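First comes the structure, then the notes that go with it.
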Amino acid sequence: MSRIKYIFTFLLLWSVLAHITNGQEVFIGNVQGRKNLCLNGKWEYVLDPYRAEQLGWIPVYQNAVPRDKTDRVEYSFNAAQTLWVPGSWNTQEPELMYYEGNIWYRRKFDLLEGVSAHKRYFIYVGAANYISKVSVNGKNVGQHEGGFTPFCFEVTNLLKDKDNYVIIGVNASRHPENIPAEINDWFNHGGITRDVYLIETPQTFISNYFIALDKSTLNEKTRCITGQIQLNGTSFPKEVRIQIPELKIEEQAIVNDEGVAKFNIETKKLQLWSPDSPKLYQVNIMSGDDIVSDEIGFRTIETRGKQILLNGEPIFLKGISLHDENPLQRNRANSKDDAALVLGWAKELGCNFLRLAHYPHQENIVRLADKMGFLLWEELPLYWGIQWDNPSVLKKAKKQYKELIERDYNRASSIIWSIANETSNIPSRNAFLGELVNFVRSLDNTRLISAACKKDQEVDGHPDNVYTYNDPLIEKLDIISFNEYLGWYGGSPAECRDKSFKMGFEKPVIVSEFGGGALQGLHGDSLTRWSEEFQVYIYEESLQMFDKIEGLCGMTPWILVDFMSPLRQLHGIQDGWNRKGLISEKGAKKKAFYTLQEYYKRK
Ligand code: GCU
């Protein structure tokens, strides 16, 4: 074979191999526990509202730069402005406030230790809303859909020692076939909204693991920790090791041909995790020259009749709902400090439970909830207007739920996966969500499943005095949850005294939303709409009404903090904020905060 042919064949093979290993979407868990280069910071950006790539113009992800002074380049990062990553773009520049189109971001980076032929490299993005296209050094590596779950692409073979660049194009536009669909009562923060890392791994590495207490051993003297470890690579070691030093545990597990190792570890000394005692153990997992460490709590969650049992004991979930927003910064929450801000408020309120509405929140809040002792309800934004009869939407829902469960499976705080919010009881929705429940259970049978439903009478303020709950979806759920705004969206708070509740199923009940709006600092009598006193009146009457529910196991009133929403435009009162928070966007508590705090003290 001539030298030219040889070189051509080599280059062809190399590019095919590079293509095969690159662009693979791999889920890598616990990225904070791995060797990584954090790419957070200022990224150059190019605005592209008409998605010029559709015209075949020089795609910005080629990082075009003029060859000489006569060359024409119209999309260049070199003369570009910058945006903070992570962060929503909307509140970083005035002209981006309501922008929902395309923005192309670029970040340049060097590999301080140089590229190693013995390592693999991945670009990891904690979340980017809503569709992302990723390229590295001019090569496309993949696309992700979904604004709230992590994604990760392999970029091995594309990197150089220096002068690398990653370009991520993000489109934040809303569409009926998206999850969420087009209209939602929250601000559509666009951009790369969570951390970005370059992850470095050995050739064969631990991509993820799923570890939990076997609930059947809860009441045994010898309890069992059960788990599964997933390796990624072209060849696997015969076994992996699991260490829990504090329990003096060091066990081996056999790896099968798919790179999966399953284990059951017995222990007599396990201290259970709970809100009152959020005990976490360091767990080390080792495979060849890869080691990943995590902090994991062990507990069980189940239902028995109308009770929710944590570690076998009935628990009342003193909760509050919250969005994933730092209101003081008008930004998507994206840091440990943001998590500490809102969890500090929830702790002061007397909560042991949080509804992370209406989409997966940042991982920092789940990990901090593990440490502080909060139980969590997590959900996908299967919210208003979903295309239930569109198979591609069900496929997206399954993929996004898989990404969420892969991320949070090992978090003791997370106890409920919720699959929908305020969706109508129609055959296509029941079929869609019924299949999604089965899928979620197939991924994780250690947690409870619910959905925020409505009563049979639907409308808030309905004149019936007995509210009934026979939504067929509830049959598939472990917990009956519902949103009820009697006194705010319909009827008066006084009518709460006339109501009673008839559940069509023998299951525990959580009131997943109730409340009313108030402008912090606006005062009047208890019937003055938007006054703090009116909000107190709604809470007082609602709490008394819900206490009548047999099997009430918890509640997550709507909502901890005022949050941004383009649906809320009443000038002088809302001005783009939903005012149902117990705390204002400036961090000022309203009177109803103390009404709920007193109620929880008595629970
Ligand atoms: C709905 C919905 C929330 C919304 C709230 C409200 O039930 O679930 O997302 O913000 O009510 O009207 O304020």
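The shown structure was predicted, so the numbers you read here are calculated from the model rather than taken from an experiment. Below, each value reflects all heavy atoms present in this structure, side chains not excepted, and no hydrogens, waters or symmetry copies. Just follow the structure's listing: the first ligand is 1, and inside any ligand the first atom is 1.
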Review point. Parallel under 30°, tilted from 30 to 60°, perpendicular over 60°: which one fits the rings of Tyr537 and Phe534?
Key: perpendicular
Point to revise | Within 6.0 Å of CG in Leu328, more than 12 heavy atoms from elsewhere | key: yes
Review point. Which atoms of ligand 1 sit under 4.0 Å from any heavy atom of Asn483?
Key: 7 (O), 8 (O)
Review point. Would you say Arg568 touches ligand 1, if touching means a heavy atom closer than 4.0 Å?
Key: yes
Study note, to complete from the structure: Within 4.0 Å of some non-hydrogen atom of His358, the atoms of ligand 1 are 3 (C), 8 (O), 9 (O)
Review point. Does Tyr359 have its ring centroid less than 6.0 Å away from the ring centroid of Tyr383?
Key: no
Point to revise | Atom CD of Glu550 with >12 non-hydrogen neighbours under 6.0 angstrom | key: no
Review point. Just wondering, more than 12 heavy atoms not from Lys548 lying within 6.0 Å of its NZ?
Key: yes
Check your understanding: In terms of ring plane angle, is the pair Phe563 and His323 parallel, tilted or perpendicular, where the classes change at 30° and 60°?
Key -> tilted
Study note, to complete from the structure: If you scan protein heavy atoms around atom 1 (C) of ligand 1, the nearest is Glu513 OE1, 3.3 Å
Point to revise | Options Trp488, Tyr485, Phe514, Tyr383, ranked by nearest heavy atom to atom 5 (C) of ligand 1, top entry | key: Tyr485
**Study point:** Test of proximity, Asp185 against ligand 1: N or O pairs below 3.5 Å
**Key:** yes
Check your understanding: Would the number of heavy atoms belonging to other residues, nucleotides or ligands and lying under 6.0 Å from NZ of Lys398 be above 12?
Key -> yes
Exercise for review: Can you pull out the closest protein heavy atom to atom 7 (O) of ligand 1? Residue, atom name and distance to 0.1 Å, please.
Suggested key: Glu422 OE2, 2.3 Å
Check your understanding: Tyr489 heavy atoms, cut-off 4.0 Å: which ligand 1 atoms fall inside?
Key -> 6 (C), 12 (O), 13 (O)
Practice item. Tell me, yes or no, whether the heavy-atom count around Arg497 atom CZ, taken from other residues, nucleotides or ligands under 6.0 Å, exceeds 12. Key: no
Review point. In terms of residue, atom name and distance, what is the protein heavy atom nearest to atom 13 (O) of ligand 1?
Key: Lys580 NZ, 2.6 Å
Check your understanding: Any N/O of Asn578 closer than 3.5 Å to an N/O of ligand 1?
Key -> yes
**Study point:** Phe563 and ligand 1 - part of the residue with a heavy-atom distance under 4.0 Å
**Key:** side chain
Check your understanding: When you look for heavy atoms under 4.0 Å from ligand 1, do you find them on the side chain of Trp186, its backbone, both, or neither?
Key -> neither
Check your understanding: Is it the side chain (CB and beyond), the backbone, both or neither of Asn421 that lies under 4.0 Å from ligand 1, heavy atoms counted?
Key -> side chain
Exercise for review: Assign the ring pair Trp417 / Tyr401 to parallel, tilted or perpendicular, where the plane angle (0 to 90°) is split at 30° and 60°.
Suggested key: perpendicular
